[in-house]
Q: 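Quick one: the structure is below, and I'll ask about it shortly.
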Amino acid sequence: DTAVSQTPKYLVTQMGNDKSIKCEQNLGHDTMYWYKQDSKKFLKIMFSYNNKELIINETVPNRFSPKSPDKAHLNLHINSLELGDSAVYFCASGRPTDTQYFGPGTRLTVL
Amino acid sequence: RKEVEQDPGPFNVPEGATVAFNCTYSNSASQSFFWYRQDCRKEPKLLMSVYSSGNEDGRFTAQLNRASQYISLLIRDSKLSDSATYLCVVRTGGFKTIFGAGTRLFVKA
C-alpha cells in the first residue's frame with residue numbers, strides 16, 4: 001500500500017490558470033507538509049499542518065492555499081499560475097521530530 | 001550564511017571506494033538530524049537518522065558533532081547503486097525542517 005500518495009504526477013498548464021494537487025497519507029501521522037523542489041534541485045518547505053492546523057507558512061505567495069479536510073489529506077491549490085511556479089511539489093507526512101515520508105512528487109510545468 | 005550547508009559535489013568515485021560527505025548547520029537549537037537519499041526524478045527517502053553518539057547501518061556511518069554543528073556521512077565499499085543525491089536534513093523545534101542543497105555522488109565501475 002502506498003504510504004503517501006499525490007495526484008496528479010504530472011501537471012502541464014498555462015500561465016494564469018488555477019490548479020490543485022492532492023495528497024493523502026495512510027500512515028496515521030498528525031503532521032503533513034508541502035515542499036517545492038526547483039530546477040536547481042533545492043528542496044524547500046512551503047507549509048506544515050499539524051492536526052489540520054497550519055503550523056508553518058514559509059513566506060509562500062498567497063496564491064498558494066493549502067487545505068486540510070482531515071488529518072490524512074493535505075491539498076494544495078494554486079491560483080494564477082506563473083512561470084516561476086514550475087517545479088516538483090512533494091507532499092510529506094511524519095511526526096514532529098521524526099522521519100518524514102515523501103510522496104512521489106507532482107511535476108508542474110507552467111507554459 | 002545558509003542554514004544547512006553541504007559539500008557541493010559532485011563526487012565521482014570508483015566502486016569499492018570510501019567517500020565522506022560533510023554538512024554544517026547554523027542553528028544551535030537544532031534537535032534532529034537525518035541523511036536522506038534522492039534518486040533522479042524520485043522523492044527523498046530516509047537513509048538514516050543521526051545520533052549524538054554516532055551510528056552505523058551496514059556500509060553507512062553517520063556522525064554528529066553538536067559543538068561544531070557538523071554532521072557527516074561515510075559510505076564504505078561504494079556500490080553503483082549508491083549513486084544518488086544525499087541530503088543533509090536538520091529539524092528545529094518540531095515542525096521546521098531544513099534540507100541542505102544535496103551532494104551528488106556518482107559511483108563508477
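Within every chain, numbering begins at 1; the chains are lettered A, B, ... in the order of the sequence lines, protein sequences first and strands thereafter.
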Q: Could you tell me whether the side chain of L87(B) reaches within less than 4.5 Å of the side chain of F42(A), counting heavy atoms only?
A: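 F42(A) vs L87(B): side chains apart.
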Q: Do the side chains of I71(B) and L46(B) join up, straight or via other hydrophobic residues, at under 4.5 Å, putting them in one cluster?
A: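 No, I71(B) does not connect to L46(B) through the hydrophobic network.
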Q: Are F99(B) and Y35(A) close enough that their ring centers fall under 6.0 Å?
A: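 Yes, close enough.
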Q: State, with a plain yes or no, whether a side-chain heavy atom of K42(B) is found less than 4.5 Å away from one of F102(A).
A: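 No, too far: nothing below the 4.5 Å cut-off.
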Q: Against chain B, label T31(A) side chain, backbone, both or neither, depending on which of its atoms sit under 4.5 Å from a heavy atom there.
A: side chain
Q: In terms of hydrophobic clusters joined by side-chain contacts under 4.5 Å, are L108(A) and I45(A) together?
A: no
Q: More than 12 non-hydrogen atoms from neighbouring residues, nucleotides or ligands closer than 6.0 Å to OH on Y51(B), yes or no?
A: no
Q: Look up atom CD in E43(B) and atom CD in Q6(A), then write down how far apart they are to the nearest 0.5 Å.
A: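 Going from the CD atom of E43(B) to the CD atom of Q6(A) covers 8.5 Å.
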Q: Determine, using the 4.5 Å side-chain heavy-atom cutoff (strictly less than), whether L83(A) and F64(A) are members of one ILVMFWY cluster.
A: yes
Q: In this structure, would F34(B) and F21(B) fall into the same cluster of hydrophobic residues linked by side-chain contacts under 4.5 Å?
A: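 Unlinked, F34(B) and F21(B) end up in two clusters.
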Q: Rounded to the nearest 0.5 Å, how far apart are OG1 of T97(B) and CG of L43(A)?
A: 10.0 Å
Q: Please examine the side chains of K96(B) and I56(A), heavy atoms only from C-beta on, and report whether any two atoms are closer than 4.5 Å.
A: yes
Q: Provide the closest heavy-atom pair for Y36(B) versus Q100(A) in the form atom of the first, atom of the second, distance.
A: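 Taking every non-hydrogen atom into account, OH-N, 2.8 Å.
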Q: If hydrophobic clusters are built by linking Ile, Leu, Val, Met, Phe, Trp and Tyr wherever their side-chain heavy atoms come under 4.5 Å apart, do M46(A) and L54(A) end up in the same one?
A: yes
